[in-house]
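The next block holds one structure in the form of structure tokens; read it before the comments.
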Amino acid sequence: MDLLALVDCENFYASCERIFRPDLKKVPIVVLSNNDGCVIARSKESKDFGIQMGAPWFKVKEGFLKSGGQVFSSNFALYGDISSRVMSVLSQMSKKIEIYSIDEAFLDLENLAIESHDAANDFGVYCRNIVKQWVGIPVRIGIAPTKTLTKVASYLAKQQTHYPGIFSITNNQKDIETALKRVPIHQVWGVGRRLNKKLSDSGMKNAYDLACSNIPLIRKKYSVVLERTVRELRGERCLAMDENPAPKKQIVVSRSFANKISDLNTLSPIVNDFGVRACEKLRKEGQLCSKVGVFIRTSPFRTQDRQHQTIKFYTLHQPSDDTRDILSSIRWILPKIFRHGFCYAKAGVMLSQFTDENVLQYELFEQINGARRNNQLMKTLDKINHSSTQVNFASQSKIGFTAMRRANVSPRYTTSWFELPTVN
DNA sequence: TCTGGGGTCCTAGGACCC
DNA sequence: TCTGGGGTCCTAGGACCC
């Protein structure tokens, strides 16, 4: 039987924080977004306490802390490192693995020749134990014939008591049908807020109803995307394993501000910071970009304020990964979109239209070995700034990303020599 | 006072080409 | 009277995901 497994880290960020704080084993934990704005991860105890995903922190803070909860600002240096450890363990479980997100991976179990529920569950138990023991992260495992069905299995794994955290669906219509009937329609992978409303309105309650729907009609009324979902729910593989993720098509660096900004002189150095960071990512990807976008927006939550949001692009004459090119694009765009009299709450820089740095097409009249081309400046800059920023552009802000509120950040236990955990 | 950040894919429509 | 057919590329907007 040809099966896939979805391995999903449980409450990932909260679990990462717990590795180094075993004293918090039973304590409710939440992790906050950048700027300590809202809740982006919760331990099981916090979910039980009633903290919603995405809840604004200032609204739930008091009740949560009073009840003995522990809060963390996000620490992506830590989560990224723990993630790569989990993925490296999973890579030993299967030859074919697709790292789908920071806390999820699909494994192709083809080589394991699993023929029964028992065999599938045994694999799940083995995998779960190893990751827990070697990295310290609890994982949930859904095993099924298609990706969408592994998501279904993963959802059902939450409710498992016999094999906690593990659920398998074999390639058997009856088996699939039973599982689908237990999954509410909005839990189906690919059904978001809008589709949930439309599908529910047309009488579908669970995944089984969706799987039974008429495919040509689904395609006509909705899209080819939903058609694939329906087929996958029926056990037909439409979404392939993607072991070598395609290069990025877009890079965005954006932040909300701790304090609203209403003048251009304050705003531009900060947007320049975003541009600098975006270029670092671009060079790491080995890509050149042709299009630079800048967006700014006021806070949609302050309904009493006048609202303004906009985005504008600049197309470079020549693809580039040179920070100076991107900064001058920003210098061109920003004054054109900025309006006086608005309190801006967020801004961002977006790079797109990429070409590979090795297949650069020069312009007809470009001087190929001009001073700006083939220069080592950016490489040297990246090298110097590798571990921490030492050299800045004059147009950047002096405070940079440190202007963010991060009141409760944990140490970078695994990625900084100065923040190693200590044992007393 | 205080509400995240970073992505992907699909579709429709317009411009343009032969 | 009567105004084609087939295609690409780009953009904006919508929907979804983690």
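Chain naming here is simple, since letters A, B, ... match the order of the sequence lines and numbering starts at 1 in each.
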Q) Which atom names give the shortest non-hydrogen contact between P319(A) and L288(A), and what distance separates them? A) CB-CB, 3.7 Å
Q) CG of L226(A) to CZ of R228(A): how many Å apart, nearest 0.5 Å? A) 10.5 Å
Q: With heavy atoms under 4.0 Å as the rule, sort K260(A) into base, sugar-phosphate or nothing.
A: sugar-phosphate
Q.
Using whole Å, what does the distance between atom P of nucleotide dC2(B) and atom CG of N35(A) come to?
A. 11 Å
(Q) Between R277(A) and D273(A), does any side-chain N to carboxylate O distance fall below 4.0 Å? (A) no
Q. Is K312(A) positioned over the aromatic face of F295(A), cation under 6.0 angstrom from the ring centre and no more than 45 degrees off axis?
A. no
Q.
Under the rule for ring pair (Phe, Tyr, Trp, His ring centres under 6.0 Å), what residues qualify as partners of H386(A), not counting sequence neighbours?
A. none
Q: If a protein heavy atom is under 4.0 Å from the base, mark B; if only from the sugar-phosphate, S; if neither, -; do that for nucleotides 11-18 of chain C going 5' to 3'.
A: S---SSSS
Can you give me the N/O atom pairs linking the protein to nucleotides 8-10 of chain B at distances under 3.5 Å, or say none if there are none?
unit_1: dT8(B); atom_1: OP1; unit_2: K249(A); atom_2: N; d: 3.2
unit_1: dC9(B); atom_1: OP2; unit_2: K249(A); atom_2: NZ; d: 3.1
unit_1: dC10(B); atom_1: OP1; unit_2: R228(A); atom_2: NH2; d: 2.7

Q.
Could you check whether Y13(A) and F72(A) have their ring centres less than 6.0 Å apart?
A. no
Q.
Rounding to an integer number of Å, can you tell me how far F76(A) CZ sits from dG7(B) C1'?
A. 14 Å
Q.
If you assign each of K281(A) and C38(A) to its closest nucleotide in DNA chain B, which residue comes earlier from the 5' end?
A. C38(A)
Q) What are the residues of residues 296-307 of chain A, sorted by number, that bring a heavy atom to within less than 4.0 Å of DNA chain B? A) F301(A), R302(A)
Q: Note every stem involving DNA chain C: at least three consecutive Watson-Crick or G-U wobble pairs, i with j then i+1 with j-1, with both distances under 3.5 Å.
A: B:5-18 with C:5-18
Q: Give the minimum heavy-atom separation between R18(A) and V27(A), together with the two atoms involved.
A: NH2-O, 2.8 Å
Q) At under 4.0 Å, does any side-chain N or O of S33(A) touch on OP1 or OP2 of dT3(B)? A) no
Q: Give a yes/no verdict on a cation-pi contact between K336(A) and W332(A), requiring under 6.0 Å between NZ or CZ and the six-membered ring centre and an angle within 45° of the axis.
A: yes
Q) What integer distance in Å separates D273(A):CG from dG5(B):C1'? A) 16 Å
(Q) Could you go through F338(A) and Y344(A), starting from their C-alpha distance and side-chain angles, then the distance that decides it, and tell me whether this counts as ring-ring contact (aromatic ring centres under 6.0 Å, His included)? (A) CA-CA 9 Å; F338(A) 179 84; Y344(A) 290 101; 5.4 Å; yes
Q) Separation of F295(A) atom CZ from dG4(B) atom P, in whole Å? A) 12 Å
Q) Does any residue of residues 57-69 of chain A have a heavy atom under 4.0 Å from DNA chain B, and if so, which ones, in number order? A) F58(A), K59(A)
Q: Show your reasoning for whether side-chain hydrogen bond (donor to acceptor under 3.5 Å, both in side chains) applies to N35(A) and S256(A).
A: CA-CA 7 Å; N35(A) 246 334; S256(A) 298; 5.2 Å; no
Q) Is a side-chain donor-acceptor pair under 3.5 Å present for Q307(A) with T298(A)? A) yes
Q) Are R324(A) and F393(A) in a cation-pi setup, meaning NZ or CZ lies under 6.0 angstrom from the ring centre and within 45 degrees of the ring axis? A) no
Q. Can a donor-acceptor pair be found between the side chains of S200(A) and N196(A) at a distance below 3.5 Å?
A. yes
Q.
Between C1' on dG4(B) and CZ on F274(A), what's the gap in Å once rounded to a whole number?
A. 12 Å
Q) Between I296(A) and I337(A), what is the shortest heavy-atom contact and its length? A) CD1-O, 3.7 Å
Q: Please answer whether the main-chain N or O of I102(A) pairs with a side-chain N or O of S83(A) as donor and acceptor at a distance below 3.5 Å.
A: yes
Q. dT3(B) and dC18(C): how far apart are their P atoms, nearest whole angstrom?
A. 25 Å
Q: Nearest 0.5 Å please: distance from the CD1 atom of I326(A) over to the SG atom of C289(A).
A: 4.0 Å
Q: Check the distance between dG6(B)'s P and Y13(A)'s OH and give it to me in whole angstrom.
A: 11 Å
